[in-house]
Amino acid sequence: MSRSAVQELAGPVEAAIAEVGGDGVQARLERPADPAHGDYATAAALQLAKPLRAAPRQIAEWIAERIDSPFIASAQVAGPGFVNLRATPAWYRHVIGRVLAEDRRYGGGAAARPQKIQIEYVSGNPTGPVTASTARNAAYGDSLARLFEFAGHDVQREYYFNDAGRQMDLFGASLRARARGEDVPEDGYRGAYIEDVARGLGLDPDAPADEWRARGAAAMVEDIKRTLTRFRAGFDRWFLERSLYEDGSVAGAIETVRGTGHTYEKDGALWLRSSELGDDKDRVLVRSDGTPTYIAGDLAYIVSKLERGFDVAVYVLGSDHHGYIGRLKAGAIALGYDPDRVDIQIYQFVKIVEGGKAVSASKRRGAVLMLDELLDVIGIDAARYALVQRSHDQVIELDLELWAAQNAENPVYYCQYAHARIAAILRNAERAEDGPAPGWTPEPAEVELVKHLAEFPEVVAEAAEWRGPHRIVAYAQDTAKSFHQFYKQCRVLGEAPDVERSRLALCRATGLVMATALGLVGVEAPDRM
RNA sequence: GCGCCUGUAGCUCAGGGGAUAGAGCGUGCGCCUCCGGAGCGCAAGGCCGUAGGUUCGAUUCCUACCAGGCGCACCA
C-alpha cells in the first residue's frame, strides 16, 4: 500500500497541525473552488478552534508557519481560517514520476484494511437469457469486483444459480408444453426464446418434465455464461443452489438456527423469528408440507460463504429485492454470525428507452430486450459505461439512440478519445521519454492535469469503500476533460527538448491512468478509434 | 399503512460538512497554416422538493411533510 501523492502533501501539514496541539486531526486537503486560492487547502484550523480555545485564523497562522516540505511552496491563511497551500514544481514532477514508475499498478493497493471479499452478483434462475435490465447488476457487480481487487482485497466472484424450486419446474413445464405444441401453463414462461430453446434441445417432447427442466436449465446456464463473458463480467465460481440441498447444507443450516433458539413452530411450519432480529416479520423456513423454503437455502448459502473464510460477503441485488436486507441479516445473526459480514448492495432499476418510448418489460411475458441484443445495438463499451456511470441507488434511463450513436453525443467516446489522442502523440514522438526534465515547471493546464493524476489513488480507495464504481467513471471523465484542455493549450511535439520530454511523460502518465480507470469499469482504452 | 431508494440547470445526472454548487447533452456565438475537431473557448440557464433542527459553517448530517420509483408470500 502506498500513500497517494496528495497524502504526501498532507503529511507535513499534519505534522504542523500536531505541533500546534491538534494531534491526530487530519489535514483533509481539498481543492479550493477558486484556483487563485491555491492548489490545496485544509480547514483543520476551523475544526480546532473549539478544542484549542483560540481564533481559527490564529490557529491557521500557527499551522501555516510550521509547515515545512520541499513539496509545499507556500502556506497562506485565508477566509475564516483556511490554510491555502501551493505545491512546488518538484511535487508535480514527483507525481508524474510516481505514475510512470508504478505503471498500471498506480492507484491500486490503497485499501485501508485488505480483506477477503466474496461478491455474488447477477445470480438468478436459469430460466432464460440475461436481460438488458440485469445488465446493470452485471456491470455494477463486475466493476465492484475489479475495484476491490485493484484496491488490494482478495476477491472471489460468484454466480448463484437458483436451479431449485417452483420457478424451475414452471420453466421445464413451459419448455415441454411448447415442444408439444400446447399452451404454456399458468404463470409459465412465455418469452419467444422458450420455443427456440425447446427446439434446440432436441428432446423427445414426451420426455418427463424433470428431464426438460434439467436439460433446459443446463442450456440456459451455458447461454448465461456466454453472454456474461461477452459483457466482460467475470466469475470465479458458478454455484448451484441445488447442491446445497444435495449435500445436506440446507438441513444443516436449519438445525443450526434451531439450535440457536431463533425458530418456532406454528401451523405445522418451522418459522425463523426474524422479526426480533431486525426483519419486518417472521419467515417460514420449512413449510407445513415439510419442504424447505428458499430462505432455508439462503441460510445455507450464507454458511457456505462465510465458512469458506471470507471476511465479508457482498450481495448485489435489484431494488425489488431490498426486502432481502433484513432477511439475510436476520439469518446471519440467527446462524451466529456478525451481520456486518453480510454486505448487501441494492441497485435501482434501468428504464430502457428508445426515442422516449420504454422498451423493457417482464421476462415471463416476453417482449424483453436481452443483454445480447443490447450489446448488438450499442456495443459493449457503451453498455458498460452507461450502466455504471451513475450511482447504483439512482434509477437511470438508458437511451438506446444516444448510446448507439457513433458520434460526439455518446459520452463513452469522450474518455476513449483522450486515450487515443495520447496514444497518437506517443506514436508520433521521435524518442522515448524518460520522465519529466529536472527543472521543468508546469503551466496551468498541466498543473490541473497532474492534480487529477495525483488524486487517483484516493478516488479508487473511496470508490471501493463506498461501493461506488460510478466515481471512477466521473473521475475518468474529469481527467479526460483536463487532458483535452491541456492538449489544446500545450503543444507537446516539437517544443524545446526539456518541455517536450516533460509533456511526453505527462501524456504517458495520463494514458496509463485513463486505461486503468476505464479498465476498472470494464471499458476498453483504445489506441486508435 | 409499513419499509428501502430518489427529488440539484431545459434533459440525463455528479457532488459522503467547507470559500462564488458542477459535468455531459441541448441552446447561442466563436476556434482547424501546427501532435487526431469524437476536441477546445465564451454565454445563457439554479429559492440544491418544502419546513424545521444540529454546526463556526449544511446541497451534504437529523426530523417532519410533499412528490416519484420499488417492495411488503408456507413464489424465488
Side-chain angles (χ1 to χ4, degrees), chain A residues 28 30 32-34 37 41-43 46-47 49-50 55-56 78-82 84 124-125 127 162 164-168 170 187 241 266-271 279-281 283-295 297-298 318-326 346-349 351 386 389-399 402 405-418 420-429 462 465-466 468 470-471 473-475 477-478 480-481 483-495 500 503-504 507 528-529:
Chain A
R28 304 197 48 193
E30 290 172 19
D34 183 351
H37 290 151
T42 176
L46 291 162
Q47 290 159 13
K50 192 172 279 182
F82 294 102
N84 290 331
N125 307 108
T127 54
N162 301 109
R166 200 174 91 91
Q167 293 303 322
M168 291 311 300
L170 272 173
D187 295 332
E241 180 188 11
K266 191 181 92 184
D267 304 332
L270 182 71
W271 294 69
D279 198 2
D280 358 329
K281 55 188 75 167
R283 308 285 170 180
V284 172
L285 278 180
V286 181
R287 298 182 185 94
S288 46
D289 67 4
T291 59
T293 64
Y294 72 96
I295 294 172
D298 287 340
S319 62
D320 56 335
H321 285 68
H322 72 255
Y324 264 52
I325 299 173
I346 300 293
Y347 66 92
Q348 300 296 317
F349 280 150
K351 214 185 314 172
Q389 74 164 344
R390 305 306 187 189
S391 166
H392 60 290
D393 45 30
Q394 185 71 254
V395 173
I396 57 170
E397 195 170 280
L398 196 161
D399 187 329
L402 170 67
Q406 295 281 323
N407 59 37
E409 284 172 28
N410 190 332
V412 72
Y413 294 119
Y414 189 79
C415 293
Q416 294 187 317
Y417 185 54
R421 265 184 156 174
I422 290 166
I425 293 173
L426 297 178
R427 269 198 305 274
N428 295 337
E462 277 183 11
E465 193 182 339
W466 299 111
H470 70 285
R471 285 161 177 257
V473 177
Y475 172 82
Q477 205 162 310
D478 286 347
K481 178 166 188 66
F483 175 77
H484 287 309
Q485 289 170 330
F486 155 80
Y487 178 89
K488 200 68 186 178
Q489 288 169 42
C490 302
R491 181 154 181 101
V492 178
L493 302 178
E495 293 295 292
E500 181 185 276
R503 288 182 177 167
L504 275 172
C507 284
R528 296 172 203 272
M529 295 171 65

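Each chain gets a letter, A, B and so on, in the order the sequences are listed, and its residues count up from 1.
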>> Quick check on RNA chain B: between A/F349 and A/R528, whose nearest nucleotide comes earlier from the 5' end?
In response: A/R528

> Quick one: on RNA chain B, does A/V492 or A/S319 contact a more 5' nucleotide (nearest heavy atom)?
Replying inline: A/V492

> Is the glycosidic torsion of B/C32 within 90° of 0, making it syn, or is it anti?
Replying inline: syn

> Within this structure, what is the CD1-to-P distance between A/I396 and B/C5, rounded to whole angstrom?
Replying inline: 18 Å

> CG of A/D298 versus P of B/C74: gap in Å, rounded?
Replying inline: 15 Å

Check whether any side-chain nitrogen or oxygen of [X] sits under 4.0 Å from OP1 or OP2 of [N], and answer yes or no.
X      : N     : result
A/Q394 : B/A14 : yes
A/K281 : B/C72 : no
A/R28  : B/G17 : yes

Closest to the [X] side chain: [options]?
X      : options             : result
A/Q47  : B/G18, B/A23, B/C34 : B/G18
A/V284 : B/G71, B/C74, B/C13 : B/C74
A/D34  : B/A19, B/A76, B/U20 : B/U20

> Hey, does the side-chain of A/S288 have a donor or acceptor N/O within less than 3.5 Å of a partner on the base of B/C74?
Replying inline: yes

> Does A/N84 get its side chain close enough to the base of B/A19, under 3.5 Å, for a donor-acceptor pair?
Replying inline: yes

> Which parts of nucleotides 38-46 of chain B does protein reach within less than 4.0 Å, heavy atoms only, written one letter per nucleotide 5' to 3' as B for base, S for sugar-phosphate only and - for none?
Replying inline: BBSS-----

> Say you pick atom P in B/G1 and the same atom in B/C25; how far apart are they, in whole Å?
Replying inline: 43 Å

> At their closest point, which heavy atom of A/I425 faces which heavy atom of A/C507, and how far apart are they?
Replying inline: CD1-SG, 4.1 Å

> What stems involve RNA chain B, if each pair must be Watson-Crick or G-U and both of its distances must be under 3.5 Å, with 3 or more such pairs in a row?
Replying inline: B:1-7 with B:66-72, B:10-13 with B:22-25, B:27-31 with B:39-43, B:49-53 with B:61-65

